[in-house]
Each structure stands twice: as C-alpha cells, then as structure tokens.
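Counting begins at 1 with the first residue of the sequence.
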Amino acid sequence: MSGVGKGVSVASMGALLKARGLKVTAVKIDPYLNVDPGTLNPTEHGEVFVTKDGLETDQDIGNYERFLDEDLSRVNYMTSGSIFQTIINRERAMGYHGKTVEWVPDVPNEIISRIKTAANDADADVTLVEIGGTVGEYQNLLYLEACRMMHLESPKDVLLALVSYLPVPGNLGEMKTKPTQYAARSLNAAGLQPDFIICRSAFPIDEPRKRKLSISCNVAAEDVIAAPDVESIYAVPVKFEEEGVGDRIVSKLGLKAPKKDGKHWRDLIKNIKSSTKPIKIGVVGKYFSTGDFTLSDAYLSVLEAIKHAAWAIRRKPEIVWLNSEDFEKNPGTVATTLKKLDGIIIPGGFGARGIEGKLMAMKYAREHKLPYLGLCYGMQLGLIEIARDVLGWKDANTTEIDPNTSHPVIHLMDEQQKKMEDKNYGGTMRLGEYPCVLKKGSKARALYDLEIVRERHRHRYEANPEYRKEFEKVGVVFSGMSPDEKLAEIIELKNHSFFMASQFHPELTSRPFRPNPLFLGFAKAAAKR
Ligand code: GLN
C-alpha cells in the first residue's frame with residue numbers, strides 16, 4: 001500500500017551500498033498520467049520536490065538525496081505521463097519508422113532506456129528503482145513488465161524487493177502474513193519472483209513468520225527482512241545493516257565492495273537519541289487536511305531540514321503544525337499559541353486561502369522578536385506584512401492574490417506573465433538551482449560563509465524591485481540577490497534576533513550530515529530563546 005515506506009527502504013539500501021564504497025543512484029517511478037507532480041494539489045500529492053536541474057518530482061527523490069547525499073537530476077524521475085509524452089512525440093516524428101507502436105514492448109523499452117540513462121549518467125555500480133503504487137494494481141503493470149524484461153536480459157544483474165505491510169489487527173494481536181503472500185503471488189503472476197521481502201509492520205517479524213513467508217513466497221528466510229516502525233527514518237539503514245541487507249545485495253549481485261563504513265549512520269542515531277533538550281518550532285501552513293486526518297506530508301523537506309539543524313546543535317526538534325486558517329477564525333490565539341514557541345517557519349504556498357492568518361503570525365514574530373524563517377511564499381508574505389504594517393500601504397499584496405493592488409510588492413516578471421496568459425502552467429515556474437550573491441556584512445553571508453550560493457527555486461512571482469529602496473529605509477536588508485541584481489533572493493531584518501526569508505527553498509538542500517545554513521542559523525536562534 002502507499003505510504004508503507006518504499007522510498008525510505010530504497011534510500012536506506014542505497015545508503016548501505018554507498019557506505020560500502022559503491023557508486024549508487026536511484027530512480028523513482030510514479031505511475032500516474034500527470035507529466036510531473038507540479039500541477040497537483042499539495043494535499044493530494046504531498047510535497048513537490050525540485051531537482052537541481054529544475055524538474056518537479058515526488059518527495060521520494062528528496063529521501064534519496066538525503067540518504068545518499070547525492071544531487072539527483074531529471075533522469076532520476078519518471079511518470080507514465082512523461083513516458084507516453086516521449087513515445088507519442090517520437091511516433092509523430094516518425095521515430096518508430098512506420099511500425100505499430102505497442103503497449104509491450106515499446107512502453108517497457110522506453111522505461112528501461114530511461115533507467116539505463118540514469119545508471120550511465122551516474123556511472124553507477126547499483127541503480128535502485130522504486131516502482132510507485134501497489135503490486136496488483138492496473139497502473140504499474142508496464143513497469144513490472146519492464147522489470148521482467150530487464151531480468152530476462154540479464155538475470156544476475158536484477159534483484160527485486162517487495163515492500164509489504166504486515167498488519168497486526170487490534171482484535172487479534174497477531175501479525176498476519178497473508179496479504180504479503182498474496183502480494184508475492186501477484187508478482188509471480190506478472191512473471192516476477194521477489195528476491196527480498198521487506199516486512200513493514202509495527203513490530204519486527206518473528207522467526208516462525210519469517211519461515212512461513214519464506215516457504216509460501218519462495219524466498220530464502222534470511223531474505224525476509226524485518227522492518228518495524230522506528231522513531232526516526234534515519235535509523236532504517238542501521239536496522240537494515242543488522243538484518244544483513246547490504247551484504248546480501250552485494251553477494252547476490254556478485255559485486256566487489258571495497259569497504260564497509262556505517263559508522264556515520266550509527267553516530268547520527270546516537271546523536272538523535274542524546275539530543276533531549278527541546279526547541280519548539282511552529283510551522284504555519286495550510287496543506288494539512290485530507291478528510292478526518294491531519295497530514296504534514298506537503299511539508300516533508302521542511303520537517304527534515306528542521307530535524308537536521310536541531311540535531312546538529314544537539315536539540316530535540318518539537319514541531320507544532322499550525323493551520324493558518326485557525327488564526328483567521330480566532331485571532332486571539334495567535335499570541336497565546338506563538339508565545340509558547342521558540343521560532344516559526346512559514347513555508348511555501350500558493351493562492352489566497354490562509355494567507356491573512358500567515359500574515360498575523362508573521363506580524364507577531366516581527367514585533368516580538370520571535371525567530372522567523374520564511375521559505376518562498378514566506379518571503380513574499382514577509383514583504384507584504386512589512387509593506388502593510390510598517391510602511392502603511394494597507395492594500396499591499398502580491399498580484400497572485402490581488403492583481404489590482406495599488407502596491408504590488410510581489411509581481412510577475414514579463415516572461416511569466418506571458419505563460420499565464422497562454423495557460424502554460426506545467427513545469428513553467430522558475431525551477432531548480434540559481435546562483436545567489438550574498439551581501440557583505442549580512443547575517444546570510446555569515447551563515448553560509450560564502451559569497452555565492454546555489455539554491456533551488458519553485459515559484460512564479462518575484463519581489464518587485466520598484467519598492468526596494470522603501471523597504472531598505474525601514475530596516476529590510478536584501479542580503480541575497482541574483483548576480484544581475486534584478487531578483488531578491490534573501491531578505492533579513494536589522495534589529496531582530498533572527499528574521500530571515502528566502503525566495504528559494506533552502507529545505508531542499510538540507511541533508512542529515514549537512515544541515516542547510518539558514519535552517520542552522522534559525523535553530524541556533526530558537527535554541528537561544
Ligand atoms: N505562490 C508563490 C509563487 O508562485 C510562492 C510559491 C512557493 O512558495 N513555492 O511565486
């Protein structure tokens with residue numbers, strides 16, 4: 001089922017192989033028909049992660065980057081929409097030389113060729129491929145077929161791991177293996193035999209059940225891997241190592257692994273466990289609800305970046321998810337809620353819903369010197385709040401919300417204006433990595449300790465340069481600018497403990513062993529409080 005931990009399993013296997021000195025890359029396959037997830041609603045899809053070269057992808061690419069500590073690119077991600085787009089364009093250009101284009105083998109062949117491109121680009125010894133969705137569903141059949149064809153071509157080079165959930169129904173109190181047996185059967189029906197079964201469950205699978213799965217699924221007992229819930233996803237590589245996953249993969253693929261060094265992962269876990277003194281961070285967002293459940297999936301990288309920064313200073317991150325619409329309904333709760341926190345973050349977002357609540361939170365943070373970190377929309381709204389409350393331009397806004405405002409402090413650049421008029425929405429934002437020059441003497445420059453940094457973007461609107469002078473007069477420092485000085489990339493406030501916001505998304509480059517400097521600075525300011 002979805003959300004069972006395939007991404008973290010893939011990422012953790014990659015981490016184990018990398019720790020053995022092997023070159024590793026990873027590919028994520030999303031079977032849906034959207035060309036990329038960029039146009040999907042965040043509550044529906046969760047976070048959109050952006051690669052350095054500007055592809056909008058699934059959050060699993062973020063997991064791979066964090067666990068592998070490698071930058072991935074557009075070759076590491078595909079959807080069925082992108083596959084069919086390529087095939088149909090190729091057919092239109094006579095690329096199939098007058099032959100009939102068939103579901104099989106033409107679609108699997110395109111899938112395989114993309115996997116090989118990713119492998120070659122990274123010069124990888126091992127390429128991990130995650131097939132999204134659930135075995136037995138219609139959507140991913142052609143990917144299973146691709147897997148079968150790759151295995152047929154080179155049986156010793158392809159391994160298949162089934163990640164399955166083993167429920168422990170409350171009324172029984174016993175772990176059940178039958179759904180996993182059926183999942184393995186479904187794979188068999190697709191002509192595939194799993195080499196590993198990763199047993200996701202609340203508890204570790206015991207020996208009798210390992211044997212049961214081994215016999216019924218035709219998998220060696222030592223390849224039935226316990227994968228119980230753990231407190232931190234970063235414990236998974238360590239757990240997998242204990243289960244022998246790394247050694248088993250290396251031996252099955254007949255690889256020579258030069259070393260084995262998992263100490264940094266064990267140290268990270270020790271560090272997490274010994275970081276007991278909390279910092280309380282509020283994240284003021286709006287993409288939380290699906291029915292009766294509250295999900296913070298839309299802010300996954302933000303959550304991870306907070307953790308990385310907090311652990312680096314030996315603090316336990318306590319994250320409070322705050323729905324900005326609740327502030328709008330009960331303005332009295334802004335102060336009572338925020339005064340209990342050590343810092344707040346306003347992450348990325350789109351559209352008008354919930355922004356007044358975010359502006360209330362920001363005003364509180366600015367006036368009460370509560371550490372503040374704004375991410376993308378969080379920077380744009382920061383400028384709007386200052387324009388309204390400090391500069392007195394009551395109707396200041398972004399043209400995304402109010403195209404007729406008399407103070408468009410955030411606006412569209414001409415090329416984006418044209419795209420909007422043409423309804424050209426997919427993959428057309430300012431996407432991916434751009435350079436940013438940091439101003440001498442600024443907090444941002446001190447935090448990065450660099451003159452030029454490269455961070456990743458995903459937005460259409462920009463700070464309007466016409467108002468820059470006015471903002472500077474009231475203590476706003478434009479501490480990060482595009483090299484041509486046209487675009488504001490970071491703002492900070494003088495006379496504030498920590499008020500920093502970026503037009504880019506610093507959360508996307510944060511790694512467990514290398515927190516992003518803006519998050520680290522924010523965590524330190526929060527800890528001081
Ligand atoms: N909605 C804003 C824009 O398009 C901000 C986007 C974001 O926060 N990622 O510019």
Side-chain angles (χ1 to χ4, degrees), residues 282 284 322 324 327-328 331-339 341-349 352 354-412 438-439 441-445 447 459 461-481 485-504 518 521-522 525-526 529:
V284 189
L322 298 166
S324 62
F327 288 153
E328 293 169 6
T333 58
V334 176
T336 50
T337 312
L338 299 191
K339 73 168 184 238
L341 301 175
D342 301 316
I344 61 164
I345 292 182
I346 296 191
I355 76 138
E356 295 304 325
K358 289 183 181 174
L359 291 172
M360 290 174 190
M362 193 137 13
K363 182 174 165 71
Y364 180 93
R366 184 176 55 75
E367 291 179 344
H368 295 81
K369 311 254 188 276
L370 179 66
Y372 173 72
L373 181 62
L375 312 172
C376 203
Y377 217 16
M379 178 184 114
Q380 299 176 355
L381 295 174
L383 288 173
I384 293 169
E385 197 279 317
I386 293 164
R388 288 185 188 178
D389 289 327
V390 181
L391 290 162
W393 306 332
K394 292 297 166 213
D395 80 330
N397 217 327
T398 161
T399 54
E400 176 174 359
I401 296 172
D402 179 6
N404 302 316
T405 167
S406 58
H407 291 91
V409 292
I410 309 296
H411 71 159
L412 274 185
L438 302 177
K439 189 176 176 143
S442 68
K443 233 178 236 169
R445 175 88 173 239
L447 291 176
H459 56 99
Y461 295 80
E462 306 280 353
N464 188 339
E466 255 178 58
Y467 298 99
R468 218 172 274 161
K469 287 248 148 29
E470 308 275 346
F471 278 118
E472 281 170 344
K473 277 188 209 148
V474 295
V476 176
V477 180
F478 290 86
S479 54
M481 297 295 292
E485 301 212 342
K486 283 200 178 122
L487 305 169
E489 309 287 44
I490 307 179
I491 63 160
E492 56 191 76
L493 280 187
K494 286 183 190 156
N495 308 322
H496 194 287
S497 56
F498 189 97
F499 191 105
M500 177 90 63
S502 63
Q503 187 56 81
F504 51 78
L518 295 185
F522 170 70
R529 220 176 133 90

Looking only at atom types and distance, does a side-chain atom of [X] sit under 3.5 Å from a main-chain N or O of [Y], one as donor and one as acceptor?
{"X": "Arg445", "Y": "Leu438", "value": "yes"}
{"X": "Ser324", "Y": "Gly354", "value": "yes"}
{"X": "Asp342", "Y": "Arg529", "value": "no"}
{"X": "Asn397", "Y": "Thr405", "value": "no"}

- Message: With a 6.0 Å cut-off (strictly less than), is the heavy-atom count around NZ of Lys494, excluding the residue itself, greater than 12?
- Response: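 Open: at most 12 neighbouring heavy atoms sit under 6.0 Å from NZ of Lys494.
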
- Give a yes or no on this: more than 12 heavy atoms of other residues, nucleotides or ligands lie within 6.0 Å of atom CD of Glu472.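 Result for CD/Glu472: enclosed.
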
For residues 364-376, which side-chain donor-acceptor pairs fall under 3.5 Å, sequence neighbours excluded?
{"unit_1": "Arg366", "atom_1": "NE", "unit_2": "Glu385", "atom_2": "OE1", "d": "2.7"}
{"unit_1": "Arg366", "atom_1": "NH2", "unit_2": "Glu385", "atom_2": "OE2", "d": "3.1"}
{"unit_1": "Glu367", "atom_1": "OE2", "unit_2": "Lys363", "atom_2": "NZ", "d": "3.1"}
{"unit_1": "His368", "atom_1": "ND1", "unit_2": "Tyr364", "atom_2": "O", "d": "3.1"}
{"unit_1": "Lys369", "atom_1": "NZ", "unit_2": "Asn495", "atom_2": "O", "d": "3.1"}
{"unit_1": "Tyr372", "atom_1": "OH", "unit_2": "Gly378", "atom_2": "O", "d": "2.8"}

- Item | side-chain contact (heavy atoms from CB on, under 4.5 Å) assessment of Val477 paired with Ile490 | CA-CA 8 Å; Val477 180; Ile490 307 179; over 6 Å; no

Pairing residues for [X] by the side-chain hydrogen bond (donor to acceptor under 3.5 Å, both in side chains) criterion, not counting sequence neighbours:
{"X": "Thr336", "result": "none"}
{"X": "Glu462", "result": "Arg430"}
{"X": "Ser479", "result": "Glu492"}

Any side-chain heavy atom of [X] within less than 4.5 Å of one from [Y]?
{"X": "Phe471", "Y": "Val409", "answer": "yes"}
{"X": "Phe504", "Y": "Leu518", "answer": "yes"}
{"X": "Met481", "Y": "Glu489", "answer": "no"}
{"X": "Gln503", "Y": "His459", "answer": "yes"}

- What closest approach, in Å, do Phe327 and Thr337 show between heavy atoms, and which atom pair accounts for it?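 Taking Phe327 first and Thr337 second, the nearest heavy atoms are CE2-OG1, 4.0 Å.
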
- Item | Shortest non-hydrogen contact from Pro347 toward Lys358 |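 The answer is O-NZ, 4.4 Å.
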
- Who pairs with Glu356 by salt bridge (charged side-chain N to carboxylate O under 4.0 Å, His left out), at least two apart in sequence or on another chain?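 Here the qualifying residues are Arg388.
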
- What residues, two or more places apart in sequence or in another chain, satisfy side-chain contact (heavy atoms from CB on, under 4.5 Å) together with Thr398?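 Result, side-chain contact (heavy atoms from CB on, under 4.5 Å) vs Thr398: Tyr377, Ile384, Glu400, Ile401, Ile410, Tyr461.
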
